[in-house]
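First comes the structure, then the notes that go with it.
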Amino acid sequence: MDNRPDSVRIMTPVGMLGAGWDEATIERGLALGVDVITVDGGSTDSGPYYLGSGTAKTAAQAVARDLRSLLKAAARADAPLIIGSCGTSGTDSGVDWVAGMVSEIMAEEGLDLRVARIYSEQDAAGLKEHLDAGRIHPLPPLGEIRAETLEGCTHIVGMMGHEPIVRALEAGAQVVLAGRATDTAVAAAYPLMKGMPAGPSWHAAKIVECGGQCTVDPRAGGVHTTIDADGFTIEPLDAANACTPYTVAAHMLYETVDPFEMREPAGTLDVREATYVAVDERTVRVEGSRFHTAAQHTVKLEGARITGYETISFSAIRDPLVLGDLETWADLLRTHLRRRVSQTLGLADDDYAFDLRLYGHDAVLDDLEFETGTPREVAVMLLVSAPDQATATAVAKVANPLMLHMPVPRMNYLPSLAFASSPAEVERGPAYEFVLNHVVDTITPTAMFRIEHDSTDGAHHHD
């Protein structure tokens, strides 16, 4: 007997856990009917620091506030709650961080929901086996990977597709806390498990990944989506907000290489023949999406390593003579700084590095800046990197007198420029870089991930 439902209703309250929402949007979502609640918990958008350090970008209080709202909503709707890329980068510590909050909130609220944690961190030894077997391939622009690169990473995660999430749900999980996952896998998992077609399920998941981003007012909260055998229908949770064919179709242009295709671990979403039709002034119907299953399932790797230590210093210029000859001033600072560092610290040019950025002049566009004319004021940011913190700070200290008093040649006095803080040097600690943009040919879609089920008595059960 086919117990496939006619449709699956997804509530996505926001694009990122911790961003918050108006509780009225959750109430409206529940009133519309909800089969699953999904939200993304992370991203690589904010750079390699969060993966490298295994820390979260979001404040614990903000995440806890959102979790409390969603756990209560999930219990009321008797619908599973799925969170992907926990703790920003999906490290094991990020999953445990969110799980700890979930456990506390459930105890406080008297909730009894079965929780599954899916871990996606990879160890270098296991990946070297894949490497030796020829199962790791580079994505452009990177080339073949070396074992030393794997060993040099502080954290490596594999980006899961929907399969480990489905496995956790099938084992009875009511709350799934996933490590690194594709944004779309979080929303696609439940409808795929319930037998909804892959094309509409993946396309809907792509459109809802950022909550209200696919609406005319992205600030007004998330979206409610219904997937059925022929397509999906989407509307905002806020009754005053609207989805239009334009805003929904446009989201396929967002964070994709190709506006018609998007690669997932299991295959490729193809929206070439998708149609976007307004059902009414705030609801859109999408049909015609397809999904092409790949011959080889792949899992993308993300890894970060420490590149050195950074110290930053900020000064500001309001002197019209300096501002009138700013390029000369900046070149002089670079020249004098290298010379002084050599004289006083005995460092060669390749023992450290620094970046001088002139905010208000060309710091954002650099050589592409097309605006001319003298700015009224400019902030000077010096970013020094070195193999250790003490060296980075010493270089920034050597720069201090230059950033405070250095004139341009036509001045017969020393200007006084303004530092933003005292002390002027701010130690940023370790700096990280992404070094992996590779995929692993997986033996099974779930083999690289570990699932732990927390029972109501607090014990862990391994899947």
Just to verify, what does Lys194 make a salt bridge (charged side-chain N to carboxylate O under 4.0 Å, His left out) with, not counting sequence neighbours?
none

Please list all pairs meeting ring-ring contact (aromatic ring centres under 6.0 Å, His included) that have one or both residues in residues 53-75, counting only residues at least two apart or in different chains.
none

Is Gln213 reaching over with its side chain to a backbone N or O of Pro218, donor-acceptor style, under 3.5 angstrom?
no

Contacts satisfying salt bridge (Lys or Arg N to Asp or Glu O under 4.0 Å) that involve residues 197-225 (not counting sequence neighbours) are Lys206-Glu209, Asp217-Arg219

Is the backbone N or O of Ala181 less than 3.5 Å from a side-chain atom of Ser85, with the two atoms forming a donor-acceptor pair by type?
yes

Among side-chain atoms of Thr311 and Glu425, is any donor-acceptor pair under 3.5 angstrom?
no

For Lys57, is there any backbone N or O sitting under 3.5 Å from a side-chain donor or acceptor partner on Thr88?
yes

With no hydrogens and no angle check, is any side-chain donor or acceptor of Asp66 less than 3.5 Å from a backbone partner on Gly18?
yes

Sidechain-backbone polar pair: Ser201 side chain, Pro197 backbone, donor-acceptor under 3.5 Å
yes

In this structure, CG of Leu192 is separated from NE2 of His162 (nearest 0.5 Å) by 5.0 Å

Specify the closest pair of heavy atoms between Ala220 and Thr25, including all atoms of both residues, with the distance to one decimal.
O-CG2, 3.8 Å

Are Leu51 and Thr44 packed together at the side-chain level, in the sense that at least one heavy-atom pair is separated by less than 4.5 angstrom?
no

Is the count of non-hydrogen atoms from other residues, nucleotides or ligands lying under 6.0 Å from Asp366 atom CG greater than 12?
yes

Do Asp280 and Thr283 have side-chain N/O donor and acceptor atoms under 3.5 Å apart?
yes

Would you call Val208 and Cys214 a side-chain contact if the rule is heavy atoms closer than 4.5 Å?
no

Hey, what's the ring geometry for Phe291 with Trp202, parallel, tilted or perpendicular (30° and 60° as the breaks)?
parallel

What pairs with Arg357 under salt bridge (charged side-chain N to carboxylate O under 4.0 Å, His left out), at least two apart in sequence or on another chain?
Asp355

Under a 4.5 Å cut-off applied to non-hydrogen side-chain atoms, are Val186 and Val39 in contact?
no

Is the side chain of Thr442 donor-acceptor paired with the backbone N or O of His297 at a distance under 3.5 Å, no angle test?
yes

Taking the side chain as every heavy atom from C-beta outward, state whether Leu169 and Ile82 have any atom pair closer than 4.5 Å.
yes

Side chains of Arg285 and Asp230 in contact at under 4.5 Å (non-hydrogen atoms)
yes

Who pairs with Tyr49 by side-chain contact (heavy atoms from CB on, under 4.5 Å), at least two apart in sequence or on another chain?
Ser53, Thr55, Tyr432

Please determine, by modelled atom types, if His361 and Glu327 share a side-chain donor-acceptor pair under 3.5 angstrom.
yes

Mind checking whether Ile26 and Pro13 have side chains closer than 4.5 Å, heavy atoms only?
yes

Is there side-chain contact between Arg272 and Glu261, with heavy atoms separated by less than 4.5 Å?
yes

Ignoring hydrogens, what is the shortest heavy-atom contact between Val435 and Leu142? Give both atom names and the distance.
O-CD1, 3.6 Å

Are His251 and Tyr276 an aromatic pair by the rule of ring centers under 6.0 Å?
no

Under the rule for side-chain contact (heavy atoms from CB on, under 4.5 Å), what residues qualify as partners of Arg9, not counting sequence neighbours?
Asp35, His224, Thr226

If we ignore hydrogens and angles and just use 3.5 Å, is the side chain of Thr154 paired with the main-chain N or O of Ala304 as donor and acceptor?
yes

Run the side-chain contact (heavy atoms from CB on, under 4.5 Å) test against Tyr246 and tell me which residues pass, sequence neighbours left out.
Thr244

Hey, could you give me each pair passing salt bridge (Lys or Arg N to Asp or Glu O under 4.0 Å) that has a residue in residues 231-253? Not counting sequence neighbours.
Arg28-Glu235, Glu235-Arg282

May I ask you to test the Tyr190-Thr38 pair for a side-chain heavy-atom distance under 4.5 Å?
no

Give me each pair satisfying ring-ring contact (aromatic ring centres under 6.0 Å, His included) with a member in residues 62-121, each pair once, sequence neighbours excluded.
none

If the condition is side-chain contact (heavy atoms from CB on, under 4.5 Å), which residues does Arg263 pass it with, not counting sequence neighbours?
Thr268, Ala294, Thr298

Count the heavy atoms belonging to other residues, nucleotides or ligands that lie under 6.0 Å from CZ of Arg290, then report whether that count exceeds 12.
no

May I ask you to decide if Ile312's main-chain N or O and Glu427's side chain share a donor-acceptor pair within less than 3.5 Å?
no

Going by salt bridge (Lys or Arg N to Asp or Glu O under 4.0 Å), name the pairs with one or both residues in residues 296-312, residues two or more places apart or in two chains.
Arg180-Glu302, Lys300-Glu302, Arg305-Glu433, Glu310-Arg428

Between CG of Asp45 and OH of Tyr50, what distance do you get to the nearest 0.5 Å?
11.5 Å

Side-chain (Thr182) to main-chain (Glu264) donor-acceptor, under 3.5 angstrom
no

What pairs with Glu369 under side chain to side chain donor-acceptor pair (under 3.5 Å), at least two apart in sequence or on another chain?
none

